[in-house]
Number of protein chains: 2
Amino acid sequence: MARNRPYTCGLDAAIDVVGGKWKATVLWMLEDQGPLRFGELRRQIPAVTEKMLIQQLRELEADGLVHREAYHQVPPKVEYSLTDYGRTLEVALRPLGEWGHANMARIEATHA
Amino acid sequence: MARNRPYTCGLDAAIDVVGGKWKATVLWMLEDQGPLRFGELRRQIPAVTEKMLIQQLRELEADGLVHREAYHQVPPKVEYSLTDYGRTLEVALRPLGEWGHANMARIEATHA
DNA sequence: CAGTATCCGTTCCGATACTG
DNA sequence: CAGTATCGGAACGGATACTG
């Protein structure tokens with residue numbers, strides 16, 4: 001998802017980072033509930049496939065927004081959490097989330 | 001672009017609406033400069049093709065965010081502007097735009 | 001549990017040519 | 001000026017099966 005660089009405005013850049021299909025949801029979950037394991041994330045986003053979830057997590061990690069902590073155990077355990085940088089994004093995202101929440105009915109009605 | 005409904009959070013819904021490749025840019029232009037003609041938008045977003053620009057405008061119009069005013073003249077003249085609803089979105093988008101602006105160097109460096 | 005690997009249809013998007 | 005039409009490649013994304 002490196003779409004149209006160089007960016008024409010900050011909004012472009014931000015949406016490029018957070019525009020992936022499940023990224024906003026993941027950021028929201030991690031902010032709301034603290035560190036979560038792969039399986040916990042998966043269960044809480046019922047429609048996501050493993051492939052998509054891991055892909056989005058990897059991209060968030062590469063962007064420095066999410067930290068991946070692997071515990072070397074059997075069975076394996078991996079926890080994902082927001083980085084400080086990720087938290088700054090989450091804060092910037094909050095008004096947009098509230099807008100979406102407030103206008104969800106309208107969005108579902110008009111948006112194809 | 002109706003991606004994953006029903007939405008899991010307001011952020012999902014909002015990004016579904018504004019996540020199109022050029023939509024953020026268009027909203028930003030219209031807020032920043034007031035009503036603009038098709039050709040003016042096109043010139044100010046050099047990388048966009050006519051096809052994509054009109055497609056994104058149509059979707060923004062269908063979502064009620066942008067108003068299209070056609071003047072029946074020869075040669076034709078069409079002006080696009082934000083609706084009141086569109087302005088509420090633009091306000092909600094502003095912190096995200098500032099975040100993107102502030103972190104653009106980092107985004108360009110880390111984001112594939 | 002936390003992933004990989006592969007297949008494959010769908011959607012996105014750019015390029016180009018044309019029109020009222 | 002402000003679009004429309006068509007083509008084709010690339011990226012996205014779901015389903016399924018498999019692994020350390």
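Letters A, B, ... mirror the listed sequences (proteins, then strands); counts begin at 1.
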Open item on the list: Taking the cut-offs as 6.0 angstrom to the six-membered ring centre and 45 degrees off its axis, would you call A/Arg37 and A/Tyr80 a cation-pi pair?
Closed with: no
TODO: Drop me the distance from A/Gln44's CD to B/Thr8's OG1, to the nearest 0.5 angstrom.
DONE: 10.5 Å
Check residues 91-100 of chain A and write down every donor-acceptor pair under 3.5 Å in which the side-chain atom is one partner and the other belongs to a residue at least two apart or another chain.
| residue | atom | partner | partner atom | Å |
| --- | --- | --- | --- | --- |
| A/Arg94 | NE | A/Glu90 | OE1 | 3.3 |
| A/Arg94 | NH2 | A/Glu90 | OE1 | 2.6 |
| A/Trp99 | NE1 | B/Thr88 | OG1 | 3.0 |

Protein-nucleotides 2-6 of chain D N/O pairs closer than 3.5 Å?
| residue | atom | partner | partner atom | Å |
| --- | --- | --- | --- | --- |
| D/dA2 | OP1 | B/Arg37 | NE | 2.8 |
| D/dA2 | OP1 | B/Arg37 | NH2 | 3.0 |
| D/dA2 | OP1 | B/Val78 | N | 3.3 |
| D/dA2 | OP2 | B/Gly39 | N | 2.9 |
| D/dG3 | OP1 | B/Arg58 | NH2 | 3.2 |
| D/dG3 | OP1 | B/Arg68 | NE | 3.4 |
| D/dG3 | OP1 | B/Arg68 | NH2 | 2.6 |
| D/dG3 | OP2 | B/Tyr80 | OH | 2.7 |
| D/dG3 | N7 | B/Glu50 | OE1 | 2.7 |
| D/dG3 | O6 | B/Glu50 | OE1 | 3.0 |
| D/dT4 | OP1 | B/Arg58 | NH1 | 3.0 |
| D/dT4 | OP2 | B/Arg58 | NH1 | 3.3 |

Task: Spatial distance of atom CD (A/Gln56) from atom CD (A/Glu61) [nearest 0.5 Å] - done: 13.5 Å
- [ ] Grab the CG-C1' distance between A/Leu36 and C/dC1 for me, whole Å please.
- [x] 15 Å
- [ ] Specify the separation, in whole Å, of atom NZ of A/Lys21 and atom P of D/dA11.
- [x] 18 Å
Task: B/Thr83 versus B/Gly64, closest heavy-atom pair with distance - done: OG1-O, 2.7 Å
TODO: Kindly give the heavy-atom pair with the smallest separation between A/Glu50 and A/Phe38, and that separation in Å.
DONE: O-CZ, 4.2 Å
Open item on the list: Rounded to whole Å, please give me the gap between CE in A/Met52 and P in C/dT10.
Closed with: 17 Å
Open item on the list: Output the rounded distance in Å from CG (B/Leu53) to P (C/dG14).
Closed with: 11 Å
Task: Salt bridge flag under 4.0 Å for residues A/Arg87 and A/Glu31 - done: no
Task: Nucleotide pairing, DNA chain C (Watson-Crick or G-U, distances under 3.5 Å), in dot-bracket with [ ] and | - done: ||||||||||||||||||||
- [ ] Kindly compute the distance separating NZ (A/Lys23) from CG (A/Leu89), expressed to the nearest 0.5 Å.
- [x] 10.5 Å
Task: Length of the CD-P vector between A/Gln55 and D/dC12, whole Å - done: 7 Å
